[in-house]
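Encoded as structure tokens, the structure appears first; notes follow it.
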Amino acid sequence: RIEIVPTASQIPEIVGEEYIKAFSYLEANNVGTLDITNRDGANDINNCERLKAADVIVFTGGDQLRLSAILGGTAFHTILLDKYRNEDFLIMGTSAGAAASSKTMIYQGSAAEALYKGEVKITSGLGFIDNVIIDTHFVHRGRIGRLMQAVASNPMLLGIGLGEDTGLLIKNGSDMEAIGSGLVMLVDGRSIKRTNIYDVELGEPISIENLVVHVMAQGDHYELDNHKFSISGGKVLKDAE
């Protein structure tokens with residue numbers, strides 16, 4: 001059973017029907033749309049019972065702040081976290097739905113001004129996965145700077161940038177596999193040597209030394225637990241003697 005959650009969208013009825021149509025092309029017809037446009041809907045008994053019976057939940061695009069503000073701390077959110085942690089259950093998110101899936105979430109920020117202090121706004125997401133922060137439409141909208149600032153201010157987080165027609169399949173909260181025709185960029189701040197982000201004033205440019213970036217393509221894996229990157233079918237280049 002697949003349930004579509006178009007809460008992030010301002011036109012949930014239209015978006016929900018489009019997703020049902022898309023799944024029908026894949027011959028998946030046991031699909032419905034959950035009408036959750038406010039916190040009352042997220043505490044509604046019928047919506048919660050449908051969530052309990054679901055095998056897959058799909059969060060659509062829109063505004064990720066709507067997802068965190070409407071669902072956060074509700075009965076629906078509590079059941080969702082419990083199912084994810086304790087059952088054989090899949091959560092899928094695209095655009096806003098992907099951005100809101102982590103514990104820490106980017107909800108606003110201009111790509112052009114992203115490396116100026118204060119331009120990237122961060123809040124709490126839905127908390128399905130910890131120690132990462134996710135941005136979407138990454139290549140097309142030039143959002144590498146947004147992720148760099150987010151990671152510079154939270155170096156324990158792994159930044160994940162999802163390109164167009166590309167996803168990241170995460171199993172057991174750690175094994176991440178790139179899927180699709182594009183790329184996934186990972187921004188790792190653990191090796192940052194110096195940054196001025198805590199010294200400069202709001203609106204001033206940020207300096208970052210030794211920020212590590214990985215690029216994943218179809219079939220590549222990254223183990224979040226031990227930060228091990230594996231390129232599919234590729235050979236590891238050894239240092240020249």
Side-chain angles (χ1 to χ4, degrees), residues 1-72 74-77 79-81 83-84 88-102 105-109 111 125-129 134-143 146 160-171 176-184 218:
R1 175 65 181 178
I2 302 171
E3 294 285 5
I4 312 298
V5 183
T7 303
S9 175
Q10 297 279 10
I11 48 171
E13 298 88 357
I14 296 173
V15 170
E17 286 301 317
E18 288 299 313
Y19 272 79
I20 290 174
K21 186 187 301 182
F23 275 110
S24 72
Y25 294 147
L26 302 174
E27 299 183 356
N29 299 307
N30 191 8
V31 185
T33 302
L34 290 173
D35 181 22
I36 303 176
T37 57
N38 51 46
R39 291 182 65 81
D40 285 341
N43 286 305
D44 178 76
I45 293 175
N46 180 59
N47 286 332
C48 290
E49 289 301 314
R50 285 177 59 179
L51 170 60
K52 290 177 182 178
D55 301 293
V56 181
I57 288 289
V58 179
F59 289 100
T60 72
D63 180 355
Q64 54 263 42
L65 195 57
R66 286 179 58 85
L67 282 173
S68 60
I70 291 174
L71 299 181
T74 62
F76 189 90
H77 189 207
I79 295 167
L80 196 59
L81 288 170
K83 281 179 70 73
Y84 181 67
D88 186 10
F89 182 64
L90 177 65
I91 297 175
M92 170 191 158
T94 182
S95 190
S101 61
S102 53
M105 175 184 83
I106 296 173
Y107 72 92
Q108 186 178 324
L126 297 178
F128 307 133
I129 185 169
I134 301 168
D135 212 349
T136 58
H137 307 290
F138 197 68
V139 178
H140 183 69
R141 299 185 186 178
R143 288 178 168 173
R146 294 202 335 175
I160 299 174
L162 302 175
E164 305 301 324
D165 191 40
T166 308
L168 197 63
L169 176 62
I170 305 174
K171 298 179 181 178
M176 306 193 302
E177 179 184 356
I179 56 177
S181 65
L183 56 85
V184 177
Q218 171 92 6

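Start at 1 with the first residue, then count along the sequence.
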Taking side-chain contact (heavy atoms from CB on, under 4.5 Å) as the test, write out the residues that go with L51, two or more places apart. I57, F76, I79, L80, K83, F89

Side chains of R66 and Q10: closer than 4.5 Å at any heavy-atom pair? yes

Main chain of G182, side chain of T166: is a donor-acceptor contact present, judged purely on distance under 3.5 Å? yes

Could you grab the distance from atom CE of M176 to atom NZ of K171, nearest 0.5 Å is fine? 13.5 Å

Under 3.5 Å: donor-acceptor pair, side chain of R39, backbone of G72: yes

S95 side, atom OG; I134 side, atom CD1 - distance, nearest 0.5 Å: 12.0 Å

Without swapping roles, check the side chain of N47 against the backbone of N43 for a donor-acceptor pair under 3.5 Å. no

Atom CG of L26: over 12 foreign heavy atoms under 6.0 Å: yes

Testing the basics here: between T136 and A99, what is the closest heavy-atom pair and its distance to 0.1 Å? CG2-N, 4.3 Å

How far apart are the closest heavy atoms of R146 and Q108, and which atoms are they? NH1-C, 4.0 Å

If I take atom CD1 from residue I2 and atom CG from residue N30, how far apart are they, to the nearest 0.5 angstrom? 7.5 Å

Please enumerate all residues that pass salt bridge (Lys or Arg N to Asp or Glu O under 4.0 Å) together with E3, with sequence neighbours excluded. R1, R50

Heavy-atom nearest pair, A8 first then L67, reads CB-CG, 3.8 Å

Minimum heavy-atom distance between T60 and S9, given as atom pair plus value: OG1-CB, 4.4 Å

Can you list everything that forms a side-chain contact (heavy atoms from CB on, under 4.5 Å) with N29? Sequence neighbours excluded, please. S24

Just how far is it from atom CG of L183 to atom CG of L162, taken to the nearest 0.5 Å? 10.0 Å

If you measure from CD1 on I160 to CD1 on I129, what distance do you get to the nearest 0.5 Å? 6.0 Å

Under the ring-ring contact (aromatic ring centres under 6.0 Å, His included) test, which residues partner Y107, sequence neighbours left out? none

What's the spacing between D35 CG and N38 CG if we round to 0.5 Å? 8.0 Å

Is the shortest side-chain heavy-atom distance between I170 and F128 below 4.5 Å? no

Taking all atoms of both residues into account, what is the closest heavy-atom pair of M105 and A100, and its distance? SD-CA, 3.5 Å

Residues in side-chain contact (heavy atoms from CB on, under 4.5 Å) contact with T33, at least two apart in sequence or another chain: I4, P6, I20

Closest heavy-atom contact between A42 and I36? N-CG2, 3.7 Å

Can you name the salt bridge (Lys or Arg N to Asp or Glu O under 4.0 Å) partners of E49, sequence neighbours left out? K52

Just by modelled atom types, is the L126 backbone N or O under 3.5 Å from a matching donor or acceptor in the H77 side chain? yes

